[in-house]
Asker: 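Could you have a look at this structure, given as structure tokens, before my questions?
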Amino acid sequence: MAPIAFDNIDEAPSSPRTAALYYWGGGGYNDDDAAADCNVNNHVQSQQKSDVSTLREYTTSGGGRHHHQRHHRRPVIKFHLEMDDDCNHWMFLRRPAPAQVSSSAAADTNSVQANSLQEDNNNSELLQSQNLVKQVPAAAETAEVDINSDGDFNTIPIINLDQPLEKYAKQIGDACRDIGFFYIVNHGIEECIMSDVMDASKRLFDLDLESKLALNAGNDGKEKKGYRGYFGIGAEDLDNKDGTRDLASEEQNGLNKMLKSKGDFKEGFDVGLEKQDMNVEGGDNACHAFFGRNVWPNEHKHESVIGFRQSLLRYQNELLKLADKLMIAFAMSLQIDDGAAGLPMDYFLTRTRNPMCTLRLLHYPPSLDMANSGCGAHTDYGLFTILQQDSIGGLQVRNHAKKWIQAKPLRGSFVINVGDMLSHWTSGVYASTVHRVVSPSSSSGYHRYSVPFFFNPDHDAVVEPILNDESGDGDDCGGDGGICSCKKRRNSSALEILQARYNGTFQSDN
Ligand SMILES: O=C(O)CCC(=O)C(=O)O
Ligand SMILES: [Fe+2]
């Protein structure tokens, strides 16, 4: 593992994993300091809480003392941050974003660019430890939708959110219409918050299987309620649906055939919203599947996952804000380019105030048969997905000619894709595009980690086509009926639609 710089604190933690426990506190804390800390090492989390009395000092490694920085600039306090169950009580410092990919850089072939590490894998130590993408020149990719002579896409556009809303809304609209996938950069979420959740994910999946399986249960240790906690390899089978099965996956043999026949070769961990007012566990309302309490690893038992819950909830909170930003852009793009002049800018916002969302950690171990095993060809079910992927690569998007286009890792970016529900909602104008994940090869020894955030509407939102619905009864979105199944969805609530899809892809014992 490459060393992590801890030279601005007086006591280096025993492992990078405990770095999340360090907090630069005290009245002297300011935005510049926070940004500097963020750059010094991505693992340090700098946060403030409005009510410090609820902070519990971390005691298992001599906590309870205040540590001081070598240069005595300001106190460093080591503790374990607790977040209240309703998840609303963090007060985050808003810091200037560290250097990210700018629009001009994104278009510059000599700058940080998406690149395929599957094709160029020789930097494993750096990659594994720091989640860095090697900076090599690659083909220029821009916000322009790059359509080839066959009218098909060959690359996935990179959209800079640090520009006027009208401008990026139009670019987002174009990408949603023609591809259904795009990257966003300069989105306002700091890289340290992103890498911290990736780090937390690796620590979770590093736990022994027994401890992970214990997280595949309800909080009471009985049957798991809803989309929460751990699921093991094979629990989900994404290419078994909707006629989108990847033919290659049917030609496999040996170990992977056995593994794949049991589902995707990945393990995962789900986190939902912990909203007290929506928590209907125990009732007959199916809402509990999305709003029940989360399942968390025991941070007292496993020191390696200390800070896990905090990292995930902080990230979830940031993504909720980003989701709002995207939904405003969607509404604007539909207003401007798709004849929905009367569509309010907050159309999607008002239907997503208690969103059914799932933050999912995924781990794809190396596979003997990398072509087939990671995550089968599928479209996402919900509104849209905000995906963070590590530097290993493997995500592929299918164009209309059924050619697989690499969604290469691009440091600091998110990959956004339109789900079936948003496609349906936009009357098929936005494309929900088939994609898959090819596992890292066993010879590379790489493990892919990714963090999709599946964003969905309020459970009772009625998702009916808003454009070009000639019959006017919300019955036909004009989209791909094979995937969309509009007719079946008439008057269905978002919850019913989602549950039907989940039930179709998860094995019954998970
Ligand atoms: O792991 C990834 O990169 C994507 C996973 C995915 O597409 C999904 O779980 O829906
Ligand atoms: Fe997906």
Side-chain angles (χ1 to χ4, degrees), residues 114 116-118 131 133 156 176 179-184 194 197-198 201-202 204-205 227 230-242 244-246 249 263-272 319 356-367 370 372-398 404-411 413-423 430-440 446-456 483 498 501-502 504-507 510:
S116 170
L117 290 164
Q118 282 191 295
N131 185 32
V133 170
I156 295 166
C176 288
I179 303 179
F181 266 80
F182 57 95
Y183 296 86
I184 52 171
M194 296 174 69
V197 84
M198 202 52 105
S201 167
K202 291 175 188 168
L204 180 94
F205 291 123
Y227 309 113
Y230 178 77
F231 61 87
I233 287 177
E236 194 179 31
D237 188 3
L238 277 173
D239 76 355
N240 208 6
K241 301 292 147 202
D242 300 325
T244 59
R245 176 178 283 277
D246 169 25
S249 71
D264 296 340
F265 194 48
K266 68 185 186 204
E267 56 180 344
F269 184 87
D270 285 346
V271 172
L319 290 190
M356 298 178 289
C357 56
T358 303
L359 177 59
R360 174 169 291 177
L361 307 178
L362 287 174
H363 168 216
Y364 301 86
S367 159
M370 49 192 278
N372 303 319
S373 50
C375 162
H378 67 283
T379 52
D380 287 357
Y381 318 149
L383 269 194
F384 56 93
T385 304
I386 302 177
L387 176 85
Q388 182 190 169
Q389 55 174 342
D390 71 2
S391 51
I392 300 301
L395 175 62
Q396 301 181 341
V397 181
R398 201 173 75 177
W404 290 103
I405 307 298
Q406 307 275 353
K408 299 169 185 174
L410 173 59
R411 183 177 171 175
S413 72
F414 289 105
V415 177
I416 312 294
N417 66 289
V418 172
D420 293 346
M421 210 183 280
L422 185 56
S423 178
Y430 282 4
S432 170
T433 302
V434 174
H435 54 285
R436 69 178 182 185
V437 174
V438 174
S439 296
Y446 293 135
H447 293 242
R448 171 184 170 84
Y449 294 85
S450 68
V451 187
F453 179 63
F454 301 108
F455 189 81
N456 301 302
I483 288 173
L498 272 186
R501 298 297 298 274
Y502 269 100
T505 52
F506 265 91
Q507 310 280 324
N510 279 282

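Just so you know, residue 1 is the first one in the sequence shown, and it goes up from there. We count ligands from 1, going down the list as the structure has it; atoms in each ligand are counted the same way.
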Asker: Is a donor on one side and an acceptor on the other found under 3.5 Å between the side chain of Asn456 and the backbone of Met356?
Answerer: yes
Asker: Taking all non-hydrogen atoms of both residues, which atom of Phe265 and which atom of Tyr364 are closest, and how far apart?
Answerer: O-CD2, 3.9 Å
Asker: So, does Gln388 use its side chain to make a donor-acceptor pair with the main chain of Met194 at under 3.5 Å?
Answerer: yes
Asker: Test side chain to side chain contact (heavy atoms under 4.5 Å, CB included) on Lys202 and Tyr449 and set out the steps.
Answerer: CA-CA 8 Å; Lys202 291 175 188 168; Tyr449 294 85; 3.6 Å; yes
Asker: Hey, is there an N, O or S on His435 sitting under 2.8 Å from the Fe ion (ligand 2)?
Answerer: yes
Asker: With backbone taken as N, CA, C and O and side chain as the heavy atoms from C-beta onward, which portion of Leu387 lies under 4.0 Å from ligand 1: side chain, backbone, both, or neither?
Answerer: side chain
Asker: Within the side chain of Thr433, is there an N or O that forms a donor-acceptor pair under 3.5 Å with the backbone of Ile179?
Answerer: yes
Asker: Which of the atoms in ligand 1, numbered in the order shown and given with their element, are less than 4.0 Å from a heavy-atom of Val437?
Answerer: 1 (O), 2 (C), 3 (O), 4 (C)
Asker: Select one of side chain, backbone, both or neither to describe which atoms of Thr385 lie under 4.0 Å from any atom of ligand 1, heavy atoms only.
Answerer: neither
Asker: Measure from the Fe ion (ligand 2) to every N/O/S atom of Asp380 and report the name of the nearest one.
Answerer: OD1
Asker: Taking ring-ring contact (aromatic ring centres under 6.0 Å, His included) as the test, write out the residues that go with Phe384, two or more places apart.
Answerer: Phe330, Phe455
Asker: For Thr358, give me all partners under side-chain hydrogen bond (donor to acceptor under 3.5 Å, both in side chains), at least two apart in sequence or on another chain.
Answerer: none
Asker: Is there a polar contact, in the sense of an N or O pair closer than 3.5 Å, between Lys266 and ligand 1?
Answerer: no
Asker: For Phe181 and His435, I'd like to know if the aromatic rings sit close, meaning centre-to-centre distance below 6.0 Å.
Answerer: yes
Asker: Quick one: which ligand 1 atoms are inside 4.0 Å of a heavy atom on Ser450?
Answerer: 1 (O), 2 (C), 3 (O)
Asker: Given Arg360, His378, Gln396, which one has a non-hydrogen atom that is nearest to atom 10 (O) of ligand 1?
Answerer: His378
Asker: Given that the side chain starts at C-beta and the backbone is N, CA, C, O, which of these parts of Arg436 lies under 4.0 Å from ligand 1, counting heavy atoms, or is it both or neither?
Answerer: neither
Asker: Given side chains that start at C-beta, do those of Cys357 and Phe453 come closer than 4.5 Å, heavy atoms only?
Answerer: yes
Asker: For Leu362, counting its heavy atoms only, list the atoms of ligand 1 lying under 4.0 Å from any of them.
Answerer: 1 (O), 5 (C), 9 (O)
Asker: In terms of atom number and element, which parts of ligand 1 are under 4.0 angstrom from non-hydrogen atoms of Phe454?
Answerer: 8 (C), 9 (O), 10 (O)
Asker: Are any of the heavy atoms in His435 under 4.0 Å away from ligand 1?
Answerer: yes
Asker: Check each atom of ligand 1 against the heavy atoms of Arg448 and keep those under 4.0 Å away; list them by number with element.
Answerer: 1 (O), 2 (C), 3 (O)
